[in-house]
Colleague: 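Before anything else, here's the structure in question.
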There are 2 protein chains.
Amino acid sequence: MSKQAEFAVILKMNAMFADLGTDELQRLANLCHTQHLGNGEVLFQKGDAGDALFGVRRGQVRIETGASDGSRLTLNFMGPGDLFGEVAVLDGQNRTADATAGEASELFVLRREDFLAFLEREPKVAIKIIALLCQRIRWQSERMEESMLQPLPVRLARRLCALAADFGSEVHISQEQLGVFVGAARESVNRQLQAWRKEAILDLQRGRILLRNMTKLTAIARNE
Amino acid sequence: MSKQAEFAVILKMNAMFADLGTDELQRLANLCHTQHLGNGEVLFQKGDAGDALFGVRRGQVRIETGASDGSRLTLNFMGPGDLFGEVAVLDGQNRTADATAGEASELFVLRREDFLAFLEREPKVAIKIIALLCQRIRWQSERMEESMLQPLPVRLARRLCALAADFGSEVHISQEQLGVFVGAARESVNRQLQAWRKEAILDLQRGRILLRNMTKLTAIARNE
DNA sequence: GGGGAAGTGTGTCATAAGTCACATAACTTT
DNA sequence: AAAGTTATGTGACTTATGACACACTTCCCC
């Protein structure tokens, strides 16, 4: 399979491009380049212009942010097939976090200027993108309002389920970072995790959480 | 001033269209119609297709939602110069609330089909709209995360400031509705308002709040 | 004008979650 | 292996806010 065809598949899996027609998608995918990163190499930093969309072909990219106290907090891990920077490529705003290769990686790169020229040539696609962004706005305002009002166990369970979708049942994350994710204190996270360990829903190790009973966890995430 | 020119001014005042060029804006405004509503007349209901954008020329439209217990809660008041349904006109999704004329009103109407045809003819405008939607997405995710984590006094002060921008220093709203706005219990709202009354920041009347000291209030909204 | 409905003011209590403080435990570095 | 560093576990306390209960007022309408 050609590089471009491979990228088209990745685009297709992302909600933002899922509704585009196969032909439109392929023409879009044809605009991509690839880029190699060594382990630990910096892809972009907070404040850089958002001039491209990236897809991970192989390797791993960490999205992280330097906290005010100098410590670094990982906000997300992007593995093969993941796409990031969809919004930046559309509006060109500055990056709001840093991106670093967690291992030697190869990325698909779709540059902003190429993407915009494409949209100008194909206004029907631009209109579809508009509709998708609108959906996202609605989805966000629904989710956010709902989500932050949920009690901590629900928020935590949801985040764990989301992480499980990316990493399988062995989630590699510190309880501190998990706290940042769900907007809660580390201690509260720990106490909840302990409670779930007693119910055999999961096991805890240093820097790692082993999900034992996804059924129960998703039930909690759905708020009973 | 022609009807269309008047509508162009209203569009220009809205963040979503502020960045469009004068000529583009006028061509867009030329697509509008007008519609008259009698007092209490229903403009649309929850679940209707979102097939148009509205601007208030004169009168008042209430955006409200029927709560599960049958009571109605007003989510927003739209007065002359206000625009609503910007997102619906772009993605055509169903309305999520009801809209009713609070008095005899005249509205500008920009139909979805006309708007989409316009965007297809002018892809540069479509791209600007895309950028604006992206801004909105960023803005939302920043605000939401921040906002819900703020303590109640801050959320309340922010909402009051926002209402003051629309209605001046005499905000006509029940404490119950205010509670819905900020996601808090009516009693908590009341206690906070009482505290502020003692500090001479505002005065309370039945169904009405008189803002006496916007300086202090905005200071609280900025979280000291 | 009498009776309800809606809006408001306040006290008491329960609870979720943050903060602080410290004990371990597990990795790293030298 | 010793020492330092980071991650985790847990108890005690505090605080914000929701929940309930009820009194009081104002408005509306029959």
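Residue numbering restarts at 1 for every chain, and letters A, B, ... go by the order of the sequence lines.
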Colleague: Under 3.5 Å, which N/O atoms of the protein pair with N/O atoms of nucleotides 5-7 of chain C?
Modeller:
unit_1	atom_1	unit_2	atom_2	d
dG7(C)	O4'	R206(B)	NH2	3.4

Colleague: What pair of heavy atoms forms the shortest contact from L107(A) to V56(A), and how long is it?
Modeller: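 Distance-wise, the nearest heavy atoms are CD2-CA, 3.8 Å.
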Colleague: Quick one: which of F108(A), F7(A), F84(A) gives a ring-ring contact (aromatic ring centres under 6.0 Å, His included) with F54(A)?
Modeller: F84(A)
Colleague: Of all the heavy-atom pairs spanning C32(A) and L110(A), show the shortest one and how long it is.
Modeller: N-CD1, 4.4 Å
Colleague: Nearest whole angstrom, please: distance from the P of dG9(D) to the NZ of K198(A).
Modeller: 10 Å
Colleague: Using whole Å, what does the distance between atom C1' of nucleotide dA7(D) and atom NE2 of H172(A) come to?
Modeller: 12 Å
Colleague: Grab the two heavy atoms, one from R112(B) and one from L90(B), that are nearest each other, plus how far apart they are.
Modeller: NH1-O, 2.8 Å
Colleague: Quick check: do K46(B) and R95(B) have side-chain heavy atoms less than 4.5 Å from each other?
Modeller: no
Colleague: Step by step, would you call Q135(A) with R138(A) a side chain to side chain donor-acceptor pair (under 3.5 Å)?
Modeller: CA-CA 5 Å; Q135(A) 264 180 248; R138(A) 287 172 186 274; over 6 Å; no
Colleague: Using whole Å, what does the distance between atom C1' of nucleotide dG11(C) and atom CD of Q194(B) come to?
Modeller: 14 Å
Colleague: Can you check the L178(B) CG to dT8(C) P distance for me, whole Å?
Modeller: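 Taking atom P of dT8(C) as the reference, CG of L178(B) is at 10 Å.
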Colleague: Determine the minimum heavy-atom distance between L132(A) and A15(A), stating which atoms define it.
Modeller: CD2-O, 3.8 Å
Colleague: How would you summarise protein contacts on nucleotides 12-20 of chain C per nucleotide, using B for base, S for sugar-phosphate only and - for none, with heavy-atom distances below 4.0 Å?
Modeller: B----SSBB
Colleague: Taking all non-hydrogen atoms of both residues, which atom of V189(A) and which atom of Q175(A) are closest, and how far apart?
Modeller: CG1-O, 4.0 Å
Colleague: If you draw a 6.0 Å radius around NE2 in H172(B), do more than 12 non-hydrogen atoms from other residues or ligands fall strictly inside?
Modeller: no
Colleague: Between C1' on dT8(C) and CH2 on W196(B), what's the gap in Å once rounded to a whole number?
Modeller: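 To the nearest whole Å, that distance equals 17 Å.
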Colleague: Does dT8(C) have OP1 or OP2 sitting under 4.0 Å from an N or O in the side chain of N190(B)?
Modeller: no
Colleague: So which heavy atom on C134(B) is nearest to which on L133(A), and how close?
Modeller: SG-CD1, 4.1 Å
Colleague: Look at E106(B) together with R58(B) and state whether they make a salt bridge at an N to O cut-off of under 4.0 Å.
Modeller: yes
Colleague: Using rotation axes that map the C1' atoms of four end pairs onto the next four (five pairs an end), what angle separates the end axes of the helix from dG1(C)-dC30(D) to dT30(C)-dA1(D), to 10°?
Modeller: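 It works out to 30° between the end axes.
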